[in-house]
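One structure is given below, encoded as structure tokens.
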Amino acid sequence: MARSDEASAFFFAVYSAVQEIPHGKVTSYAHIARLVGTPQRPRQVGVCLKHLPTDAGARYNNTNVPWQRVINAKGVISPRSQPSGARNQAEALEAEGVTVGRSAMGELTVDFAEHGWFPRSLPSEGSEAEDSEEDSEDGA
DNA sequence: AGAATGACCTCTC
DNA sequence: CGAGAGGCCATTC
């Protein structure tokens with residue numbers, strides 16, 4: 001529980017933004033932080049999810065908030081503090097139909113070009129990105 | 001009370 | 001292009 005109302009407001013903003021994530025899509029903490037109006041505080045977003053209420057009676061809880069769809073900007077699921085947590089998140093993502101890959105270090109990775117949900121173009125992705133999106137189809 | 005950590009990101013060398 | 005340091009705020013010891 002947040003000690004300050006403003007703090008709780010930040011939490012609610014984050015949870016609400018996470019709920020905005022469509023099914024089978026994933027986004028990064030930075031994006032959520034930006035949506036809530038605090039692009040300089042991506043860590044707090046993680047803290048929000050970390051302290052996500054497990055109470056089914058709470059307005060926001062790990063059952064109503066798809067926290068699993070939230071990963072880091074590298075497209076990799078943070079190992080959190082326990083490998084089980086990250087793996088559990090990967091399992092949930094796969095259950096959503098998200099393709100979860102694995103890095104050489106065994107880190108779970110998600111392809112943003114596949115399930116990347118970005119209502120607003122990120123400066124890192126391409127500030128002047130034109131309409132030519134989703135064109136990364138290699139075609140093999 | 002203060003100090004340390006953390007589900008992070010961005011800039012700079 | 002790769003590695004490093006800084007910064008932010010809440011939770012916890």
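The sequence lines fix the lettering, A, B, ..., with proteins before strands; numbering per chain opens at 1. Keep in mind that the numbers below use all heavy atoms, side chains included, and drop hydrogens, waters and symmetry copies.
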Please give, in whole Å, the distance from [N] [atom2] to [X] [atom1]?
| X | N | atom1 | atom2 | answer |
| --- | --- | --- | --- | --- |
| F10(A) | dT11(C) | CZ | P | 11 Å |
| L108(A) | dA7(B) | CG | C1' | 13 Å |
| F12(A) | dA10(C) | CZ | C1' | 15 Å |
| L49(A) | dT11(C) | CG | P | 13 Å |
| L35(A) | dC9(B) | CG | C1' | 15 Å |
| L52(A) | dT11(C) | CG | C1' | 15 Å |
| R87(A) | dA7(B) | CZ | P | 19 Å |
| E107(A) | dA7(B) | CD | C1' | 12 Å |

Can you figure out which of [options] approaches the side chain of [X] most closely?
| X | options | answer |
| --- | --- | --- |
| S28(A) | dC9(B), dA7(B), dG6(B) | dC9(B) |
| R41(A) | dC9(B), dC8(C), dA7(B) | dC8(C) |
| W67(A) | dC8(C), dT10(B), dA7(B) | dA7(B) |
| H51(A) | dT10(B), dT11(C), dA7(B) | dT11(C) |
| A30(A) | dC9(B), dA7(B), dT11(C) | dC9(B) |

- prompt: Are V45(A) and W117(A) co-members of a hydrophobic cluster defined by side-chain heavy atoms under 4.5 Å apart?
  reply: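 Linked, W117(A) and V45(A) end up in one cluster.
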message: For residues F12(A) and L49(A): do they belong to one hydrophobic cluster (side chain heavy atoms under 4.5 Å, members Ile, Leu, Val, Met, Phe, Trp, Tyr)?
response: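 Yes, F12(A) and L49(A) fall within the same hydrophobic cluster.
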query: How far, in whole Å, is dG4(C) from dA7(B) if one measures between their C1' atoms?
result: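 After rounding to an integer number of Å, I get 22 Å for this pair.
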query: Does atom CZ of R87(A) have more than 12 heavy-atom neighbours from other groups under 6.0 Å away?
result: no
query: Does CD belonging to Q40(A) count more than 12 external heavy atoms closer than 6.0 Å?
result: no
task: Could you say whether K50(A) or Q40(A) is positioned toward the 5' end of DNA chain B, judged by the nucleotide with the nearest heavy atom to each?
output: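 Looking at DNA chain B, the more 5' nearest nucleotide goes with K50(A).
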- prompt: For DNA chain B, whose closest nucleotide is more 5', that of R43(A) or that of N72(A)?
  reply: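 So the residue in question is R43(A).
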Non-hydrogen atoms of L52(A) and N62(A) that approach each other most closely: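 Reported closest heavy-atom pair: CD2-CA, 3.1 Å.
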